[in-house]
Amino acid sequence: MARSAKRKGSKTIVNIVLGFICLLWLVPTLGLFISSFRPAADILQTGWWNVFPHQAWKQSGETVQLSKDLDLRQPIEVNGKTFTDDQLKQGVMVDGERLMWENRRQRTLSVMERGWEFKPDLTLDNYKNVLSGKEYKLKNPDGSESVQKGTGLSQAFWNTLTIAVPATVIPILIASFAAYAFAWLRFPGRKTLFVVIIAMLVIPLQVALIPVLKDFTSLGLNGSYLGIWLAHTAFGLPLVTYFMYNFISQLPRDLFESAFIDGASHFTIFSRLILPLSVPALASIGIFQFLWVWNDYLVSLIFIGNQPGVQVMSMKIADLVGSRGNDWHLLTSAAFISMLMPLAIFFLLQKYFVRGLMGGSIKG
């Protein structure tokens, strides 16, 4: 009984901690999602939680007229109480009501009362401006106005997809071959080479950017899709190789011995046995690699540039705010659009995710 009660108590604590962690992630995500549908003026004035029913101060229709020659630099008397001009700008409480300047120049105060409010003023304009481009009104020298439409995320989406898919498949394929070789082949310098590859995990990516950029420039690869594919492949290979090695090295030796007895070559064993058995691990590391490439900004900026025709999603989203940051409210809807593809990949491969992460943790 004591052991059962202790087990239930531990399970309850774990569930509470997990629920709290999920809440920490869910609340800001929900706020970002709701904000993506709110008009720009509402985002600037109130928080996202105001779309739900809440109590707020509303004008009751009554006003208090003060003397029009009242000196605002002196204490202002209202209903037997004195306030300063700054207090009336912020609003003050008087007998359960709130007094606030309605027209300071005319010396009129608005009487506000607290009540329930529900204004779910939602719109799709943010998504429309992000996807198809925002329209800007420009004034011509002759006094007429013209409308110019900005660029949307469609081109950046296809650019990012063109980069992310090969930059995910190529390193995983190469790393799978390498992991099989390190796990089951015997050749001179195997351990040394494996240690060198794993040691690359501790090298900061930023250290290699300039030397690699110089080499790419001399080879004419900079600014091309091939160059960015090779860069992402090189930077992702150490982690992918180590991950796949942990999985492949724990496969039963009997599988390989039986295959060798039947006359199978290493390539046949890899293609017919290793790859089908490694689907969970391939899916797991594929999710990580794809997310990293999809959300990358620095590597793409260095090796493919920031020109409108080759911009990736992260660059385009950063440019949406405008030169003066006046369109920053568009970032909320743009962020959710950029999340669609990673979420689709994650849910598509979800059933393999946990199995792949557990690969190599239990032997036998």
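Along the sequence shown, residues are numbered consecutively beginning with 1. From a predicted model like this one, the values you see are computed outputs, not experimental measurements.
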Trainee: Could you give the distance from CD1 (Ile76) to CG (Leu99), rounded to the nearest 0.5 Å?
Mentor: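 So the CD1 of Ile76 and the CG of Leu99 are separated by 11.0 Å.
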
Trainee: Are the ring centres of His266 and Phe260 closer than 6.0 Å?
Mentor: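 Yes; Phe260 has its ring centre under 6.0 Å from that of His266.
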
Trainee: Are Phe182 and Tyr245 close enough that their ring centres sit under 6.0 Å apart?
Mentor: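 That pair fails the under 6.0 Å test.
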
Trainee: Looking only at atom types and distance, does a side-chain atom of Asn50 sit under 3.5 Å from a main-chain N or O of Gly47, one as donor and one as acceptor?
Mentor: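 At least one qualifying donor-acceptor pair exists.
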
Trainee: Starting at CG of Leu153, measure out to CD1 of Ile317 and round the result to the nearest 0.5 Å.
Mentor: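 The CD1 atom of Ile317 is 6.0 Å from CG of Leu153, to the nearest 0.5 Å.
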
Trainee: Minimum heavy-atom separation for Ser271 and Pro276, please, with both atom names.
Mentor: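 Distance-wise, the nearest heavy atoms are O-CD, 3.6 Å.
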
Trainee: Would you check, one step at a time, whether the test side chain to side chain contact (heavy atoms under 4.5 Å, CB included) holds for Leu109 with Leu66?
Mentor: CA-CA 8 Å; Leu109 294 172; Leu66 303 178; 3.9 Å; yes

Trainee: I would like to know whether Ser176 and Phe270 meet side chain to side chain contact (heavy atoms under 4.5 Å, CB included); could you show each step before the answer?
Mentor: CA-CA 9 Å; Ser176 299; Phe270 179 81; 3.7 Å; yes

Trainee: Considering non-hydrogen atoms only, spot the tightest contact between Ala281 and Phe243 and give its length.
Mentor: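 Shortest heavy-atom separation between Ala281 and Phe243 comes out as O-CE2, 3.5 Å.
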
Trainee: CE/Met93 to CE/Met112 distance, rounded to the nearest 0.5 angstrom?
Mentor: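 The CE atom of Met93 sits 11.0 Å away from the CE atom of Met112.
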
Trainee: Taking atom types as modelled, find out whether Ser110 and Arg98 have a side-chain donor-acceptor pair closer than 3.5 angstrom.
Mentor: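 Result is no, nothing qualifies.
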
Trainee: Would you kindly say whether Asp86 and Thr84 are connected by a side-chain donor-acceptor distance under 3.5 Å?
Mentor: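 No, because no side-chain N or O of Asp86 sits under 3.5 Å from a partner of the opposite role on Thr84.
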
Trainee: In Å, rounded to the nearest 0.5 Å, how long is the span from CD1 of Ile274 to OG1 of Thr268?
Mentor: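 Answer for the CD1-OG1 pair, Ile274 versus Thr268, is 12.0 Å.
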
Trainee: Run the numbers on Gln250 and Asn246 for side chain to side chain contact (heavy atoms under 4.5 Å, CB included), then give the verdict.
Mentor: CA-CA 7 Å; Gln250 300 303 320; Asn246 286 335; 6.0 Å; no

Trainee: Check whether Asn103 reaches the backbone of Arg105 with its side chain - one donor and one acceptor, N or O, closer than 3.5 Å.
Mentor: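 Side chain of Asn103 to backbone of Arg105, a donor-acceptor pair under 3.5 Å: yes, one is there.
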
Trainee: Would you say the side-chain atoms of Asn222 pair up with the backbone N or O of Phe216, donor to acceptor, closer than 3.5 Å?
Mentor: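 No, Asn222 side chain to Phe216 backbone: no donor-acceptor pair under 3.5 Å.
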
Trainee: Within the 4.5 Å heavy-atom criterion, are Arg38 and Thr46 side-chain neighbours or not?
Mentor: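 Arg38 reaches Thr46 side chain to side chain.
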
Trainee: Any side-chain heavy-atom pair from Thr108 and Val64 closer than 4.5 angstrom?
Mentor: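 Counting from C-beta outward, Thr108 and Val64 never come under 4.5 Å.
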
Trainee: Measure the shortest side-chain to side-chain distance between Lys316 and Phe157 over non-hydrogen atoms and say whether it is less than 4.5 angstrom.
Mentor: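 Not touching, per the 4.5 Å side-chain cut-off.
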
Trainee: Taking only residues two or more places apart in sequence or in another chain, which ones pass side chain to side chain contact (heavy atoms under 4.5 Å, CB included) with Ser218?
Mentor: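 Ser218 satisfies side chain to side chain contact (heavy atoms under 4.5 Å, CB included) with no residue once adjacent residues are dropped.
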
Trainee: When rounded to the nearest 0.5 angstrom, what distance separates CG in Leu193 from CD1 in Ile198?
Mentor: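 Here the rounded value is 10.0 Å.
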
Trainee: Identify the two heavy atoms, one from His232 and one from Ala167, that lie closest to each other, and give their separation to 0.1 Å.
Mentor: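 Looks like CB-CB, 3.6 Å.
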
Trainee: Do Leu298 and Leu209 have side chains that approach each other closer than 4.5 Å (heavy atoms only, starting at C-beta)?
Mentor: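 Yes, at least one pair of side-chain atoms sits under 4.5 Å.
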
Trainee: For Arg114, give me all partners under salt bridge (charged side-chain N to carboxylate O under 4.0 Å, His left out), at least two apart in sequence or on another chain.
Mentor: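 With sequence neighbours excluded, Arg114 shows a salt bridge (charged side-chain N to carboxylate O under 4.0 Å, His left out) to no residue whatsoever.
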
Trainee: Would you mind listing the cluster partners of Val17? Hydrophobic ones only (ILVMFWY), side-chain contacts under 4.5 Å, chaining allowed.
Mentor: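 Its cluster mates, by chain and number, are Ile13, Ile21, Trp25.
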
Trainee: Who else is in the cluster with Leu24 when I, L, V, M, F, W and Y are joined by side-chain contacts under 4.5 Å?
Mentor: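 When side chains under 4.5 Å apart are linked, the cluster holding Leu24 also contains Phe20.
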
Trainee: Taking all heavy atoms of Ala175 and all of Val240, pick out the closest pair and write down the distance.
Mentor: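 The answer is CB-CG1, 3.4 Å.
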
Trainee: Is it the case that the side chains of Gln311 and Asn159 hold a donor-acceptor pair, with the cut-off being a distance below 3.5 Å and no angle test?
Mentor: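 Looking only at side-chain atoms, Gln311 and Asn159 do not form any donor-acceptor pair under 3.5 Å.
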
Trainee: Which heavy atom of Gly305 sits nearest to which heavy atom of Val310, and what is that distance?
Mentor: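 Minimum heavy-atom separation between Gly305 and Val310: O-CG2, 4.2 Å.
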
Trainee: State, yes or no, whether a side-chain contact exists between Phe235 and Leu230 at a heavy-atom distance under 4.5 Å.
Mentor: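 Heavy-atom side-chain distance check fails, nothing below 4.5 Å.
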
Trainee: Establish, from distance only, whether the side-chain atoms of Thr162 and Tyr225 form a donor-acceptor pair under 3.5 Å.
Mentor: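 On atom types as modelled, these side chains do not qualify, holding no pair under 3.5 Å.
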
Trainee: Under 4.5 Å between any side-chain heavy atoms of Arg104 and Lys89, yes or no?
Mentor: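 Yes - at least one pair of side-chain heavy atoms lies under 4.5 Å apart.
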
Trainee: Using a 3.5 Å distance criterion without hydrogens, assess whether the side chain of Ser258 forms a donor-acceptor pair with backbone atoms of Leu255.
Mentor: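 Answer holds: no.
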
Trainee: With respect to Lys214, which candidate in Thr217, Ile210, Val212 satisfies the side chain to side chain contact (heavy atoms under 4.5 Å, CB included) definition?
Mentor: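 Only one of Thr217, Ile210, Val212 forms a side chain to side chain contact (heavy atoms under 4.5 Å, CB included) with Lys214, namely Ile210.
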
Trainee: Between Met244 and Ser278, is there a side-chain heavy-atom distance shorter than 4.5 Å?
Mentor: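 Yes. Closest side-chain heavy atoms under 4.5 Å.
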
Trainee: Write out all pairs satisfying side-chain hydrogen bond (donor to acceptor under 3.5 Å, both in side chains) with one or both partners inside residues 286-296, taking only residues at least two apart or from two chains.
Mentor: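 Matches after skipping sequence neighbours: Asp296-Ser300.
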
Trainee: Apply side chain to side chain contact (heavy atoms under 4.5 Å, CB included) to residues Phe303 and Trp229 and explain how you reach the verdict.
Mentor: CA-CA 10 Å; Phe303 293 105; Trp229 293 340; over 6 Å; no

Trainee: Using only atom types and a distance under 3.5 Å, with no angle test, would you say the side chain of Trp184 pairs donor to acceptor with the backbone of Ile248?
Mentor: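 It does hold such a pair.
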
Trainee: How many angstroms lie between atom CG of Leu70 and atom CD of Gln65, to the nearest 0.5 angstrom?
Mentor: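 Between Leu70 CG and Gln65 CD, I get 10.5 Å after rounding to 0.5 Å.
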
Trainee: Does Phe33 have any ring pair (Phe, Tyr, Trp, His ring centres under 6.0 Å) partners at least two apart in sequence or in another chain, and if so, which?
Mentor: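 Phe33 satisfies ring pair (Phe, Tyr, Trp, His ring centres under 6.0 Å) with Phe37, Phe336 only.
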
Trainee: Is any side-chain heavy atom of Ile304 closer than 4.5 Å to one of Ile163?
Mentor: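 SC-SC contact between Ile163 and Ile304 confirmed.
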
